[in-house]
S.K.: 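This is the structure, below, for whatever I ask next.
Atoms within each ligand, like the ligands themselves, are counted from 1 in listed order.
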Amino acid sequence: MTATAFSTAALALLTLAGSASGQIGSSYCSANSNSTGGPSVISASGSTDVALNDVTLACSSLPLNAFGYFVTSQTQSFIAGPGGSSGNLCIAGNIGRYAGNIVSSGSTGAVSLVVDLTGVPAPTGSYAALPGDTLNFQFWHRDAAGGSVTSNFSPGLEITFDSAAPTFVQDVYPLLTQPNINAPECIICHGSFGGLNMGQDAASAYAALVNVASTSFNCQGSIYVVPGDFQNSLLYSKIASPNPSCGSQMPFGGTFAGDVNVIRDWIAAGAAF
Ligand code: HEC
């Protein structure tokens, strides 16, 4: 890393993370001591749920007023002293650089960066992180060793992303069993007799809804829940639409007390139990 790699025009201000969200990821690969006498520390806070797009990287125990940027790849490695660096490169393969987000460690020797999981840098553009992806990060920074300019690296940090898709038991069934506005609970009218009979527990309700076709005279043949396709799911259109494809909007005679987007997202994400 040369001094010219850091154009002053590209300098970004150091922001200190004030987030109270939890720590995510785990450190891997050893770092060499920098000019503070010890290695730097890398961490991340936020959520591993890609859909929330809430990740803040942080690196501390850096030399003061040192410029650098985070680098990322899905491949781990160990390359000692790449290109004459005093540190170790812990990633390989398609290495992306947050070169547009150069930060200074300032007077605290710490940096942080809010990363956008929908635009993870890569050599050929950027990509969106997906559930199941493991992204590895390092902070690459300038340093001075014995009076000459060098660079160093933080340890690696690996974060495996997931998706906290809504489930029927946790997110949807409670909406079907709570009182509605000017109408009773959905299961009061749909828990013991013909038409849509969701029974008296979550398992019965799930079994009555998912991939099940209506046999009622007016909605006959429509599937209550088509996993992945809320637009063709009768359960969704009966709640969301003032003019569903058959019969009246639900709850009959009243207003849904829950958030219909939860039903939409649950179906869109695959309608898990
Ligand atoms: C006051 C009783 C009542 C309540 C409460 C009620 N429904 Fe209904 N529901 C009906 C009646 C009556 C029908 C049949 C007429 C129609 O489709 O408009 C029906 C039809 C349906 C159908 C179509 C069934 C088929 O096979 O034709 C669905 C799906 C449905 N309701 C879902 C719900 C949901 C979800 C809720 C809660 C948000 C709910 N209902 C609340 C009375 C009710």
S.K.: Quiz question: by atom type and distance under 3.5 Å, do the side chains of Ser40 and Ser154 form a donor-acceptor pair?
M.R.: no
S.K.: Any idea how Tyr236 and Phe230 line up, ring-wise: parallel (<30°), tilted (30 to 60°), or perpendicular (>60°)?
M.R.: perpendicular
S.K.: Can you name the atoms of ligand 1, numbered from 1 with element, that are less than 4.0 Å from a heavy atom of Cys219?
M.R.: 25 (C), 27 (O)
S.K.: Using a strict 4.0 Å cut-off to heavy atoms of Ile239, name the atoms of ligand 1 that fall inside it.
M.R.: 35 (C)
S.K.: Could you tell me if any non-hydrogen atom of Leu235 lies under 4.0 Å from any atom of ligand 1?
M.R.: yes
S.K.: Between Phe70 and Phe137 (judged by ring centroids, cut-off 6.0 Å), do the two rings come close enough to count as a pair?
M.R.: no
S.K.: Dump the intermediate steps for side chain to side chain donor-acceptor pair (under 3.5 Å) on Ser151 and Ser85, then the final yes or no.
M.R.: CA-CA 5 Å; Ser151 79; Ser85 171; 3.0 Å; yes
S.K.: Assess the side chains of Asn88 and Asn32: does a donor N or O sit below 3.5 Å from an acceptor N or O?
M.R.: yes
S.K.: Going by the atom numbers of ligand 1, which of them fall below 4.0 Å from some non-hydrogen atom of Phe256?
M.R.: 38 (C)
S.K.: State, without any angle test, whether Ser73 and Asn94 hold a side-chain donor-acceptor pair at a distance under 3.5 Å.
M.R.: no
S.K.: If hydrogens are left out, which of Thr215, Asn182, Asn218 has an atom nearest to atom 15 (C) of ligand 1, that is, the closest non-hydrogen atom?
M.R.: Asn218
S.K.: Polar contacts were defined as any N/O atom of the residue lying under 3.5 Å from an N/O atom of the ligand; does this apply to Glu185 and ligand 1?
M.R.: no
S.K.: Parallel, tilted or perpendicular for Tyr173 and Phe168, by the 30°/60° rule?
M.R.: tilted
S.K.: Does the ring center of Tyr69 lie less than 6.0 Å from the ring center of Tyr98?
M.R.: no
S.K.: With a cut-off of 4.0 Å, which atoms of ligand 1 are near a heavy atom of Ser216?
M.R.: 25 (C), 26 (O), 27 (O)
S.K.: Tell me the protein N, O or S atoms under 2.8 Å from atom 8 (Fe) of ligand 1, in chain and number order.
M.R.: His190 NE2, Met250 SD
S.K.: Do the side chains of Arg142 and Val149 get nearer than 4.5 Å, heavy atoms only?
M.R.: yes
